[in-house]
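What follows is a short report on a single structure.
Predicted model, so just to flag it, every value in this text is computed and none were measured. For the single chain, residues carry numbers from 1 onward in sequence order.
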Amino acid sequence: MSSLNEEMADVRSDIDDVRTQLREDVPEFFEFDVTVGNISYNANSNSVSVTIEPSARARDQLSEQLGGVDVRTDGKLEFEFRLTESSSPKE
């Protein structure tokens, strides 16, 4: 039987893996540069929230795509990903 500290270390490692994966994958959802900001885990809902903000270059990219219109990017987006358990056996 593993100790509580070992189990907590496993959970922390899993969450770190999810954070790393989100930092790599989320920017690919957008056709302009974004910065992945805060990533937080919510144990109550077993979810991870990710804050996305347009990068400094995003306004120029969007302006070019929209034919030269002025673009303001003062906001941010927040996504919440619900975590599910894998059906694969543990090693």
- [ ] Kindly say whether Glu31 contributes a backbone atom to a donor-acceptor pair with the side chain of Gln65 at under 3.5 angstrom?
- [x] yes
Here the gap from Thr20 atom OG1 to Ile39 atom CD1, rounded to the nearest 0.5 Å, amounts to 8.0 Å
Quick note, ring-ring contact (aromatic ring centres under 6.0 Å, His included) partners involving residues 31-62, not counting sequence neighbours, are Phe30-Phe32
Asp60 meets the side-chain hydrogen bond (donor to acceptor under 3.5 Å, both in side chains) criterion, sequence neighbours left out, with none
With sequence neighbours left out, the residues meeting side-chain contact (heavy atoms from CB on, under 4.5 Å) with Val18 are Leu22, Val48, Leu83
Residues Pro27 and Val34: closest non-hydrogen pair is CA-CG2, 3.7 Å
inquiry  = Run Leu66 and Val71 through side-chain contact (heavy atoms from CB on, under 4.5 Å) and show every step you take.
reply    = CA-CA 9 Å; Leu66 298 172; Val71 176; 4.3 Å; yes
By side-chain hydrogen bond (donor to acceptor under 3.5 Å, both in side chains), Gln21 pairs with (sequence neighbours left out) Asp25
For Asp33, the side-chain hydrogen bond (donor to acceptor under 3.5 Å, both in side chains) test, sequence neighbours excluded, returns Gln61
The complete set of salt bridge (Lys or Arg N to Asp or Glu O under 4.0 Å) pairs with one or both residues in residues 15-24, sequence neighbours excluded, reads Asp16-Arg19
ring-ring contact (aromatic ring centres under 6.0 Å, His included) pairs touching residues 47-76, sequence neighbours excluded, are none
Those residues at least two apart in sequence (or on a different chain) that pass side-chain hydrogen bond (donor to acceptor under 3.5 Å, both in side chains) with Ser47 are Ser45, Glu80
Rounded to the nearest 0.5 angstrom, the CG-CG distance for Leu62 and Asp70 is 12.0 Å
The reported gap from OG1 in Thr51 to CD in Glu53 (rounded to nearest 0.5 angstrom) is 7.0 Å
Checklist entry - Do Val26 and Phe81 come close enough that some side-chain heavy atom pair is under 4.5 Å? => result yes
The salt bridge (Lys or Arg N to Asp or Glu O under 4.0 Å) partners of Glu64 (sequence neighbours excluded) come to none
In this structure, CG of Asn42 is separated from OG of Ser40 (nearest 0.5 Å) by 7.5 Å
